[in-house]
Amino acid sequence: MLLESLTPAQREAVTHVDGPVLILAGPGSGKTRVVTHRVAYLVEQGVAPGQILALTFTNKAAEEMSARVARLLPGASVWMSTFHRFAARLLRDYAPLVGLDENFTIYDAQDSRHVLKRVLDELDLDTPHVAPERVAAAISRAKNDLVTAEEYAARPGNPTGRIVAKVYPAYQRRLLSSSAVDFDDLLLHVAQLLRNHPEIRQTLDARYRYIMVDEYQDTNRAQYVILRALSHDYPNLAATGDPDQSIYGWRGADLNNILEFEVDFPEVHIVRLERNYRSTKRILRVADALIVNNVRRKHKDLYTQNDEGAPVRMVAYRTHKEEAESIAAQIVHQVQSGRRRPRDFAVFYRINALSRALEDAFHEQGIPYQIVHGQEFYQRKEIKDVLAYAQLVNNPRDDVALERIINMPTRGIGKKTVDRLSDHAGRHGLPLLEAARQAGMIEGLSSRAAVSVARFVATIDRIGEVAHDAVEAVLGTVLSESGYREMLTDSQTEEDQNRLANIEELLTAAREFDTQHPDDGTLESFLEQVCLVNETDDWEVETDKVTLMTMHAAKGLEFPVVYIIATEEGIIPHERSQKDPLQLEEERRLLFVAMTRSAHELQLSRAVYRNFRGQRRRAIASSFLMELPRQEMEIVEAFFGTTWESGTDDYRRGDDDRSDQFGDGGFGDASIDDGAFDVDQTPLNERTARQRGGAGGRSGGRTANVSSTASTTSSADDRARITTAAALVDAANEEDPPALPSDKSRTTAGTAGRTAGTRATPAIKPVPTEVFVQGMAVVHPEHGLGKIVALSGEGDRRKATVAFVTAGERKFVLAKSPLRPAGEQRH
DNA sequence: TCATGACTAACTGTT
DNA sequence: TTAGTCATGA
């Protein structure tokens, strides 16, 4: 019955139990279905769930699969995770073998950049300015290719290579001495571990007898080696992939891994899934017309028995703002008409920076949305600061964490002082924290500085005392002991208030973690989780919101309606990929991936003017657009016959623009006709135009003055309709509070719903436990005035540590305590 | 020796 | 737009 719902080809893939299998799966061919069903099938056939390992590239994919497997196999615990998370877990067990402590820290890109810069500074290279980016990329690439620091040093190549050969080993030494790894190290260390310790390899190979890899075309050398090592004695490797969807070449993904699978596993069984169950015929034909332009590919026939469908829309807007507003308006319209729900829509873009205009437009029109952003939340300064305290406590050798927080909030410990500490540490081979302990003995350090440093060390030690408490309590202690909370509460700026809200959110995340891991919830595992998430963890399939994300993040997903914005030269294909034909092909694949996410409707759009680095610049249609079959498409120029009033417009900046754009008094063909668009005016976007016209004064002189000549009727009516629609969207969403971001410095859209309710409930007894928040002033009938230092637990079991002015620190079970907030809570 | 404010250069994608 | 650097004043 498990197999009933599958097609013959899918069934073939699912029921292939022993021996290697390669599943070549085109977009929309039911690949995820195959993987999840295969897991279920294996278990049904008697394979222990613990022997199955499913690896993906993104957390999102891993979660999606877990969820689906859980539906097929309630209760079974199959390990599904990203490569990196899997590697991190393994490394915890074998850390000493690769020169790390068990409690090693995982540095994110920012942290490792910091280390790299320090190394570059210290090495005193003769070349004055090497772009750290460049070096970082080279090191990362080397690691992905499994070239170690020593090996790299042995064979310097180009000029950058020469520098890298010096820097890489120093960088690596530094990481190890901090007992830290960067993302690439996770894979590198594991690959080496498996290579150098045959007995471990054997154990793990036997433990993970059935391995499944998703997106095999995106594996790099390190991942490949890990997979091979774990599939030696038990070569039950099931790889799924599609060469046409390889979009991570820049990260070392090696297409040969999939193209040569048959060479690596001669006895491989190959299954092809070429029938598409997702998209309309039209969408598929358009996408196919694009991808056939790639030279480096194996021909594949995609077909579908779905409907013909609507033509793919190709729209040229005047500005990025109109693009965003039009998309928002279209969504509102469709939701309002009852045809679709917000969750049916997705908007994809090549680079994250392009999301802003969309956010503004969605916000304005009251459309609930979620942004799937790489790491946003955990990259915020305040979050990283707070976590750095925890990291330092967890791993006292973590120099990056120490440098980050030693003067945050400011304690009068400046650069000079840190340099001296660093010197001392270097000379004696100590971690910075150890050096700081000896501050009193370091010459050249003023006594004032020494006192500050000693105070800092004491702070860390106090936090260290509670390191084994619940994570939320640890973070709470960080906030109060470090003075971080005080610093923010003292400040009146809105920015700092937002930071506080974000920190509150972090505490909520910690609380959730504590609840989920009542026994095994160590600080260390929390930090690991936090380091390896990207925000996609908060991408909830279930909620009813429009999804905004990069094309890369879109891989593996599908939506009824897809908008792809900014199909402009330099954006997609990205300017840095234009020169290299191979990279250009990857860009084409990327667009192909984006297009094939869509089931029913697809719109590609571009803007003639787009803000770029704060400046407005002209954009040319992407060359990819010219490869698309126009007979399958509806070509729209959403210019509404508007004209520009010369003199008031703002588009005139930018030196090379002047010549061609205003001669015709509007946006005639001369300035934009690049062959990709017909002049075919469709009032697709009338309402938006009017709305913009109506609100024209809003942005003051920065916006061009637009007078609409074509669409002048019933704008009031339309606006009313839009408002109503927005209200409907809100109403539809009521049970699930819409996470409408309030402004730019909001907490992230995806997580806003999680924010603790700090504003509820005036104090009537009994005081609900959620009223109490970190740092709050409280009154106790006996002990008097105090302040909440730390919180942990949930519901009735929620506990608070309170520091009283006179009575010292005490712990309470909130539900049973007579504590109440001090003074009236405003808000 | 630090903190602060002005200035400048950079900005792909993911773990 | 923003993070990071630099110069200046306390």
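Numbers restart at 1 for each chain; the letters A, B, ... are given by sequence-line order, proteins then strands. This is a predicted model, so every value here is computed, not measured.
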>> Once you measure the plane-to-plane angle for Phe513(A) and Phe526(A), does it fall in the parallel (<30°), tilted (30-60°) or perpendicular (>60°) bin?
In response: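 Answer is perpendicular, since the angle exceeds 60°.
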Under 4.0 angstrom between [X] side-chain N/O and [N] OP1 or OP2:
X: Arg420(A); N: dT1(B); answer: yes
X: Asn407(A); N: dA3(B); answer: yes
X: Thr550(A); N: dT12(B); answer: no
X: Asn352(A); N: dG13(B); answer: yes

>> Go nucleotide by nucleotide along DNA chain B from the 5' end; which of His84(A) and Arg350(A) gets its closest nucleotide reached first?
In response: Arg350(A)
> How do Glu586(A) and Lys415(A) order along DNA chain B: which one's closest nucleotide is nearer the 5' end?
Replying inline: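 Going by which nucleotide is closer to the 5' end, it is Lys415(A).
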Using the side-chain heavy atoms of [X], tell me which of these nucleotides is nearest: [options].
X: Thr410(A); options: dA3(B), dT12(B), dT5(C); result: dA3(B)
X: Arg356(A); options: dT1(B), dT2(C), dG13(B); result: dT2(C)
X: Ile351(A); options: dC2(B), dC11(B), dG13(B); result: dG13(B)
X: His552(A); options: dC2(B), dT12(B), dG13(B); result: dG13(B)
X: Lys416(A); options: dT12(B), dC2(B), dT1(C); result: dC2(B)
X: Lys117(A); options: dG4(C), dT1(B), dG13(B); result: dG4(C)
X: Arg576(A); options: dT12(B), dC2(B), dT14(B); result: dT12(B)

Euclidean distance, atom [atom1] of residue [X] to atom [atom2] of [N] [Å, nearest integer]:
X: Leu354(A); N: dG13(B); atom1: CG; atom2: C1'; result: 12 Å
X: Asp111(A); N: dA3(C); atom1: CG; atom2: P; result: 15 Å
X: His574(A); N: dC11(B); atom1: NE2; atom2: C1'; result: 8 Å
X: Met551(A); N: dT14(B); atom1: CE; atom2: P; result: 12 Å
X: Leu557(A); N: dT14(B); atom1: CG; atom2: C1'; result: 14 Å
X: Asn144(A); N: dG13(B); atom1: CG; atom2: P; result: 17 Å
X: Lys384(A); N: dA3(C); atom1: NZ; atom2: C1'; result: 13 Å
X: Tyr349(A); N: dT14(B); atom1: OH; atom2: C1'; result: 14 Å

> Regarding Glu215(A) and Gln217(A), is there a side-chain donor-to-acceptor distance under 3.5 Å anywhere?
Replying inline: yes
>> Between Asp385(A) and Tyr484(A), do the side chains contain a donor N or O and an acceptor N or O under 3.5 Å apart?
In response: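 Yes.
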> For Phe83(A), which contact category applies under a 4.0 Å heavy-atom criterion: base, sugar-phosphate, or nothing?
Replying inline: nothing
> What does Glu133(A) touch in the nucleic acid at a heavy-atom separation under 4.0 angstrom: a base, only the sugar-phosphate, or nothing?
Replying inline: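 It contacts sugar-phosphate atoms only.
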>> Show the nearest heavy-atom pair for residues Val164(A) and Ala138(A), with the distance to one decimal.
In response: CG2-CB, 3.6 Å
> What pair of heavy atoms forms the shortest contact from Ala449(A) to Leu445(A), and how long is it?
Replying inline: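 Looks like CB-CG, 4.2 Å.
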> Are the ring of Tyr248(A) and the six-membered base ring of dG13(B) within the stacking cut-offs of under 5.5 Å and under 30°?
Replying inline: no
> Does any non-hydrogen side-chain atom of Ser622(A) lie less than 4.5 Å from one of Arg606(A)?
Replying inline: no
